[in-house]
There are 2 protein chains.
Amino acid sequence: MNPKAEVILFPKHARQPRQFRQWLASILQTFQEHLGRQGLKLTRQREEILRALMAAERHLGIDELYLSLKRQDPSIGRATIFRTIKLLQECGLVAEVGSSNGRSKFELKADRPHHDHMICVECGRITEFQSPMMERFQDGAIRRHGFVALWHRHEIFGRCRDCLKRRPRG
Amino acid sequence: MNPKAEVILFPKHARQPRQFRQWLASILQTFQEHLGRQGLKLTRQREEILRALMAAERHLGIDELYLSLKRQDPSIGRATIFRTIKLLQECGLVAEVGSSNGRSKFELKADRPHHDHMICVECGRITEFQSPMMERFQDGAIRRHGFVALWHRHEIFGRCRDCLKRRPRG
DNA sequence: CATTCTATTGAGATCGAGTCTCATTATCAA
DNA sequence: TTGATAATGAGACTCGATCTCAATAGAATG
Ligand SMILES: [Mn+2]
Ligand SMILES: [Mn+2]
Ligand SMILES: [Zn+2]
Ligand SMILES: [Zn+2]
């Protein structure tokens with residue numbers, strides 16, 4: 001089970017330092033506004049975690065984030081990662097992507113189009129996809145039931161193209 | 001947070017003893033075939049758990065199932081519930097419905113049409129819905145990506161009609 | 001800049017759903 | 001009935017996630 005993830009929608013411009021700094025500033029401001037609204041503070045650790053998520057080009061698990069951040073800040077604690085991820089989810093800046101095993105992964109949601117995920121149960125690859133028509137009919141169902149949606153989770157589990165090519169029958 | 005669940009698709013005929021016995025026999029046969037195929041055995045406990053799921057008119061958590069079964073069989077163990085639920089999922093007879101907190105619920109899938117779920121984050125109510133068009137576009141996306149789907153999880157979290165009526169703004 | 005009031009942090013304890021171990025018991029085919 | 005093998009239940013265990021708490025850091029104020 002190779003934890004590599006295919007990503008088709010992560011912003012390419014984030015690789016260029018100048019644009020990245022600009023992007024970071026704008027996202028940080030959004031975060032800080034949400035924090036301020038609740039009397040919370042922007043700390044070095046919270047900024048580091050947000051920056052790591054923005055620089056990532058794939059979906060990250062808590063432990064990947066922790067180990068990666070620990071290299072440049074050996075004192076950082078796992079509890080802070082959990083706490084900050086939860087804050088970022090409440091802000092709408094980050095979303096959770098469940099995997100078939102119990103370990104969730106996370107992705108930056110800000111400035112990225114809405115999409116859902118196909119998760120390969122064999123190699124763990126996460127394929128992002130968009131289907132505007134699907135979303136439209138989903139919205140119709142929600143309206144028919146008098147429901148007000150806050151978020152949704154639409155994950156398809158199966159075998160990816162490459163795993164099928166490698167071993168046509170599972 | 002009231003754990004009551006609105007159910008719109010659970011089979012009504014299951015309430016009539018004669019039809020229920022007939023239905024049980026057919027489902028038990030399916031289960032036994034799957035067990036036999038893997039050299040496993042049909043036990044009293046496995047039958048009790050299956051019967052409880054068939055008689056249920058809502059989505060059940062492990063603990064609800066455990067406490068309910070314990071009344072007529074005080075010796076039954078939690079581990080057996082977990083093991084049997086997993087077997088029934090492998091057989092395709094039972095499906096998991098995730099909730100917003102960490103406790104999954106389960107439902108019988110056999111002889112019921114495919115549907116997805118809206119989950120109220122305020123009262124916990126689970127509303128079942130169907131959208132054939134949504135499924136059709138989902139299948140299109142799956143095919144476009146050369147993926148082979150084994151199962152999917154499509155859950156919409158938000159506020160239900162009744163909670164909205166009670167307190168229009170969250 | 002120093003002060004002061006809070007919020008935040010990291011280490012480690014704790015929680016809890018789910019899994020595993022193992023001695024005992026049940027299933028089922030012969 | 002017997003025997004090979006699978007299943008069970010109690011409780012230990014796993015491990016991701018949360019909580020506790022004493023020490024620290026943010027930021028508002030003057
Ligand atoms: Mn994604
Ligand atoms: Mn259902
Ligand atoms: Zn794969
Ligand atoms: Zn509700």
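Here is how names work: the chains are called A, B, and so on, in the same order as the sequence lines, proteins then strands, and each is numbered from 1. In this text, all values refer to a predicted model and were calculated from it rather than measured experimentally.
Considering only side-chain N and O atoms, A:K86 lies nowhere under 4.0 angstrom from the phosphate OP1 or OP2 of D:dA17. Between A:T43 and C:dT9, a side-chain N or O to OP1/OP2 separation shorter than 4.0 Å is present. Remark: A:Q38 is not in phosphate contact with C:dA7, judged by side-chain N or O atoms under 4.0 Å from OP1 or OP2. Side-chain nitrogen and oxygen atoms of B:Q45 include none within less than 4.0 Å of the OP1 or OP2 phosphate oxygen of C:dA26. Using a 4.0 Å cut-off, some side-chain N or O of A:R46 falls inside it from OP1 or OP2 of C:dT9.
Atom pair A:L35:CG and C:dT6:C1' shows a separation of 14 Å (rounding to whole Å applied). Between the CZ atom of A:F82 and the P atom of D:dT20 there is a distance of 17 Å, rounded to whole Å. C:dT9 atom P lies 13 Å from atom CD1 of A:I85, rounded to whole Å. Remark: C1' of D:dG26 and CG of A:L42 are 9 Å apart, rounded to the nearest angstrom. Counting to the nearest Å, the P atom of D:dC19 and the CZ atom of A:R83 are 10 Å from each other. The distance between atom CG of A:D73 and atom P of C:dT9, rounded to the nearest whole Å, is 11 Å. In this structure, CD1 of A:I81 is placed 20 Å from P of D:dC15, rounded to the nearest angstrom. Atom CG of B:L87 is separated from atom C1' of C:dT27 by 15 Å (rounded to the nearest Å).
For the residue pair A:Q29/A:Q32, the side-chain donor-acceptor check at 3.5 Å is not satisfied.
A salt bridge is defined here as a Lys NZ or Arg NE, NH1 or NH2 lying under 4.0 Å from an Asp or Glu carboxylate O, and B:E96 with B:K109 fails to meet this definition.
Not a single donor-acceptor pair, N or O on each side, falls under 3.5 Å between the base of D:dG11 and the side chain of B:R78. Between the side chain of B:R103 and the base of C:dG16 there is no donor-acceptor pair of N/O atoms closer than 3.5 Å.
Of the residues B:R153, B:K105, B:H59, B:E155, the one that meets the side chain to side chain donor-acceptor pair (under 3.5 Å) test with B:H117 is B:H59.
Ring planes of B:F129 and B:H154: perpendicular class, angle over 60° (limits at 30 and 60°).
Considering only side-chain atoms of B:A79, the nucleotide from C:dT6, D:dG9, C:dG10 that sits closest is D:dG9.
Under a 3.5 Å cut-off, the side chain of B:E64 and the backbone N or O of B:G61 do form a donor-acceptor pair.
Along DNA chain D, the nucleotide closest to B:T80 and the one closest to B:G39 are compared, and the more 5′ of them pairs with B:G39.
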